[in-house]
Every structure is written in C-alpha cells, then in structure tokens.
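Scope of the values below: all heavy atoms of this structure, side chains included, with no hydrogens, waters or symmetry mates.
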Amino acid sequence: MQKLLLSMFALSALPGSALLAQNIAGTWQGALRVTGPNGSMELRLVVKIARSDDESLKATLYSIDQNPSPINANSCTLKGSSLKISISQLNGTYEGTVSPDGNSIPGTFSQGGSPIPLNLTRATAETAWTIPDPPPPPRQMPKDADPAFVVATIKPSNPTNQGGQGYGIRGQDVTTTNTTVSWLLTLAYNMHANQVVGGPGWIGSEKYDVLGRPDTPGQPSRDQLKIMFKKLLADRFQLKFHMEKRELAAYTITVLKTGPKFSANPDPNSGLGIGFGLAAGGGMSLTVRSAPFDSIANALQGNLLDKPVVNLTGLTGKYDFSVKFTPDVSQLANAGANPNAVGATDPDAPPDIFTAFQQQLGLKLESTKTAVDVMVIEKIEKPSEN
C-alpha cells in the first residue's frame with residue numbers, strides 16, 4: 001500500500017502541462033467559417049494528434065469538405081495549456097487553449113491572413129465525423145513522353161479582366177489566362193524577362209488566353225508543360241532564336257558557412273509545391289515542398305524579384321521550408337499584389353527577403369553581376385489562326 005500511495009503522490013505532483021500532453025492525443029474536430037465568392041460557408045476540419053516515439057506530439061489535418069487527403073503538420077507543440085500547430089503545406093497555423101477538462105480547444109486558424117475562429121472539440125466514437133476516402137491521384141502522363149498540343153486555341157484576353165496572369169491544368173487540358181508571349185517565353189525556357197532580348201514590343205503588352213489539349217493521355221508534369229509551350233511558340237508564333245552568355249545584373253543564392261537551416265524531403269513520391277502567400281499588413285511567405293533549388297530560383301525570378309536568380313547553392317536534393325518576409329513595393333507588384341499593402345511600418349513585421357533568407361534559411365540572396373543565359377529573338381509573329 002505504501003508504494004501505491006507514493007505512486008499516486010508522484011502523479012499528482014506532475015506539472016499540468018505533462019498531464020495535458022498525455023491527454024491531448026486523440027481526434028479533434030471543428031468547423032471553420034470562410035467567405036468566398038458565393039458567400040460564407042463552413043468547412044469541417046478534423047485534427048488527429050498523436051505522440052511520436054520520442055514523446056513529441058504530431059498532428060495530421062483533414063479538410064473533409066474539400067480534399068480529404070491527410071495533411072501532415074510540420075510541428076505540434078503544447079506549452080501549459082497553449083497548443084500551436086504549424087502546417088507549412090498550407091502556410092497555416094492553429095493556436096488554441098486546451099480547456100481544463102481537456103475536451104475542447106477554443107482557438108484560431110490563420111492562413112496568410114487574419115485569424116479565423118476555429119474551436120475544436122474532442123471526438124468520440126459516437127460523435128466523430130466520417131473522413132471520406134481521398135480521391136484517386138490523377139493519372140500522370142508517362143515520364144518519358146514528349147508531348148505536344150494536338151489542338152490549341154489562342155485568343156486575345158478579355159481587356160476587362162484585371163486578374164493576374166498564370167496557367168492551370170483542368171483535367172487533361174492546359175490553360176493560360178492573361179498571359180503575354182514574353183511570359184510564355186519565360187515559363188517555357190526558365191528565364192526572367194530580362195533574359196529575353198529583341199522581338200517586337202507587343203510580346204510584352206498583348207495578352208492571350210490559351211486552351212490546349214496534349215496529344216498524350218495523362219496529366220503533364222511541369223517539365224512536360226514547358227515542352228508543349230516550346231512547341232506551341234515555334235509552331236503558332238514562328239519563334240526563332242539563339243542563346244548567348246551575357247553578364248547581367250542578377251541575384252545569386254549561396255549557402256552561408258553555418259549551413260542551411262532546413263532539410264530535404266524524405267519522400268521520393270512527394271509532389272513539388274512552391275507558393276507565395278500575402279498576409280495581413282503586407283507580410284509575405286514563400287512555402288516550398290519537395291522542390292529543387294533550380295525550381296525555387298525560377299519561382300523567385302518569375303513571381304517576385306526584378307532580376308534573374310541564379311542558383312549557386314550546390315544543393316542537389318528536394319527541400320521543404322517556409323520563409324516569412326516583408327516585400328517592397330516592386331516585389332508586391334511583381335507578385336500581382338496591391339503595392340500599398342507593404343507592412344514595413346509594423347514593428348512586428350518580418351524582415352526583408354534578403355535578411356529573412358539569412359536568418360531563417362541559412363542562405364545568402366544577394367544582388368550582383370554574373371554571366372547568365374540570354375535568349376536573342378530572331379523572329380516571332382502573332383499567333384496563326386486557330
């Protein structure tokens with residue numbers, strides 16, 4: 001009996017955070033009210049929290065009214081009764097306070113903007129929402145395919161469309177919206193606009209919408225998408241050019257002597273993801289999933305920076321990380337955001353991108369002059385008839 005009493009005393013002496021850490025494992029659920037173009041709606045979220053072998057917490061999120069595929073959080077911490085979950089894949093963060101009885105967590109969810117209330121309740125076998133089976137992955141185009149558009153419609157964009165330019169994949173069809181020929185060139189050939197010289201002025205001013213269907217079944221990879229656009233530019237725009245090396249103003253990315261502060265993605269089947277998110281007050285984030293640095297450099301020069309970006313890191317893997325920074329006016333404009341959204345006057349705003357790369361990633365992003373590839377246009381015409 002004496003040993004039992006001692007055990008009970010030891011348990012009662014444990015700090016509250018340890019008890020909460022033991023009890024917080026389980027399934028939690030709550031509804032997130034969001035506002036979209038068709039009004040407000042509720043999205044049901046399920047969060048499964050478990051303990052790892054090293055006693056740390058791990059969390060998995062399911063948005064069961066959207067794509068119910070599991071989304072792994074990159075961190076889940078409990079300090080006292082304060083729970084924080086970070087999901088870099090969504091550029092999202094959940095922060096809440098565990099109730100004294102351990103059955104509810106009032107909190108908020110942030111995804112690059114203002115926090116939205118999200119109150120979680122511990123689910124039981126009777127109350128747990130059913131998590132649907134995730135949809136089957138789209139059928140991928142064979143990796144060795146050399147695709148072209150079997151048919152492509154090119155038409156001038158609607159001049160009243162003030163949205164940004166970009167591309168998408170709808171089923172098997174490839175679309176672009178509000179894209180200039182200069183933009184198509186930089187996409188197809190992994191270049192900054194400054195690396196394209198020659199050609200008439202209309203290639204940077206006239207905008208087109210493209211709808212194309214590949215001649216090979218399956219959803220194309222990003223590299224296969226570029227192959228198709230190269231062929232489209234040669235066939236429908238009569239593009240002819242040659243490449244040269246020229247010294248240009250550019251940005252270079254190198255690794256600091258202290259080494260990188262991020263890790264390679266261990267999953268060889270993880271899909272590439274690179275996204276920029278604009279937060280309230282002007283802060284911005286760059287979230288990377290399973291991406292090589294050549295792709296990261298291309299995303300920076302294509303969506304944010306005003307000069308070519310050259311990868312000199314020597315890193316050869318595919319990496320995951322998220323970096324937060326405050327963009328300047330030109331970077332906001334390049335990203336297609338409101339240039340007046342700069343938050344530099346906010347004392348809590350993150351640093352500029354150059355400082356953020358050093359502090360958060362262990363990388364040096366600097367402006368310099370270096371030799372880069374340049375496309376010299378010899379011939380280009382407006383698109384032929386559909």
Side-chain angles (χ1 to χ4, degrees), residues 34-35 73-75 77 84-95 108-116 162-166 186 192-194 249-263 273-289 291 293 295-313 315 319-368:
V34 297
T35 302
N74 57 303
S75 68
T77 58
K84 183 172 182 179
I85 303 173
S86 296
I87 312 104
S88 61
Q89 185 174 338
L90 300 177
N91 187 31
T93 302
Y94 177 75
E95 296 187 32
T108 59
F109 181 79
S110 303
Q111 191 175 20
S114 301
I116 301 174
Q162 300 301 313
Q165 58 188 1
T186 60
H192 188 272
N194 292 1
Y251 296 100
T252 56
I253 308 177
T254 55
V255 180
L256 297 177
K257 292 181 179 179
T258 51
K261 298 181 179 180
F262 50 87
S263 303
I274 303 176
F276 293 89
L278 187 63
M284 185 173 281
S285 64
L286 165 62
T287 302
V288 169
R289 185 184 73 250
F293 260 89
S295 296
I296 297 167
N298 189 51
L300 286 167
Q301 71 180 16
N303 299 281
L304 190 74
L305 299 177
D306 60 345
K307 291 180 286 193
V309 179
V310 182
N311 169 30
L312 299 178
T313 63
L315 299 173
Y319 300 92
D320 294 347
F321 62 77
S322 182
V323 56
K324 295 182 179 180
F325 60 95
T326 296
D328 62 25
V329 173
S330 67
Q331 292 163 3
L332 280 167
N334 291 338
N338 181 359
N340 297 320
V342 177
T345 57
D346 183 348
D348 297 323
D352 61 51
I353 190 170
F354 308 101
T355 304
F357 262 54
Q358 293 194 41
Q359 294 177 347
Q360 301 172 37
L361 301 179
L363 301 176
K364 187 173 185 180
L365 177 66
E366 65 176 337
S367 178
T368 184

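- Sequence neighbours left out, the pairs with a member in residues 353-368 that pass salt bridge (charged side-chain N to carboxylate O under 4.0 Å, His left out) are Lys364-Glu366.
- The nearest pair of heavy atoms linking Phe276 to Asn303 is CE1-CB, 3.7 Å.
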From CA spacing to verdict: side-chain contact (heavy atoms from CB on, under 4.5 Å), Leu363, Leu256: CA-CA 5 Å; Leu363 301 176; Leu256 297 177; 5.8 Å; no

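- Using a 4.5 Å heavy-atom threshold, the side chains of Thr254 and Thr313 count as separate.
- In this structure, Lys261 has no side-chain contact (heavy atoms from CB on, under 4.5 Å) partners at least two apart in sequence or on a different chain.
- Gln301 places a side-chain N or O within donor-acceptor distance of the main-chain N or O of Val309, the cut-off being under 3.5 Å.
- If you take CG on Leu286 and CZ on Phe321, they are separated by 5.5 Å, rounding to the nearest 0.5 Å.
- Between Thr108 and Tyr94, the shortest heavy-atom distance links the atoms O-CD1, 3.2 Å.
- Between the side chains of Ser295 and Asn298, no donor N or O sits under 3.5 Å from an acceptor N or O.
- Counting heavy atoms from C-beta on, the side chains of Asp306 and Asn334 come closer than 4.5 Å.
- When all heavy atoms of Thr326 and Pro350 are compared, the pair lying nearest together is OG1-O, 2.5 Å.
- The minimum heavy-atom distance between Leu304 and Met284, with the atom names listed, is CD1-SD, 3.7 Å.
- To the nearest 0.5 angstrom, Ile353 atom CD1 is 6.0 Å from Leu365 atom CG.
- Considering every non-hydrogen atom in both Lys324 and Ser285, the closest pair reads CG-CB, 4.2 Å.
- Inter-residue side-chain proximity for Leu300 and Tyr251 is flagged as unmet; no heavy-atom pair is nearer than 4.5 Å.
- Side chains of Lys307 and Ser367: a donor-acceptor N/O pair is present below 3.5 angstrom, by distance only.
- Side-chain contact between Ile296 and Val288 is present, with heavy atoms from C-beta onward closer than 4.5 Å.
- Rounded to the nearest 0.5 Å, atoms CD1 (Ile87) and OG1 (Thr93) are 6.5 Å apart.
- In this structure, CD1 in Ile116 is found 7.5 Å from OG in Ser110, a value given to the nearest 0.5 Å.
- No side-chain heavy atom of Leu312 sits less than 4.5 Å from a side-chain heavy atom of Ile253.
- Closest heavy-atom contact between Gln331 and Leu305: NE2-CD2, 3.8 Å.
- At least one side-chain heavy atom of Phe357 sits less than 4.5 Å from a side-chain heavy atom of Val323.
- Residues satisfying the ring pair (Phe, Tyr, Trp, His ring centres under 6.0 Å) criterion with Tyr319, sequence neighbours excluded, are Phe262, Phe293.
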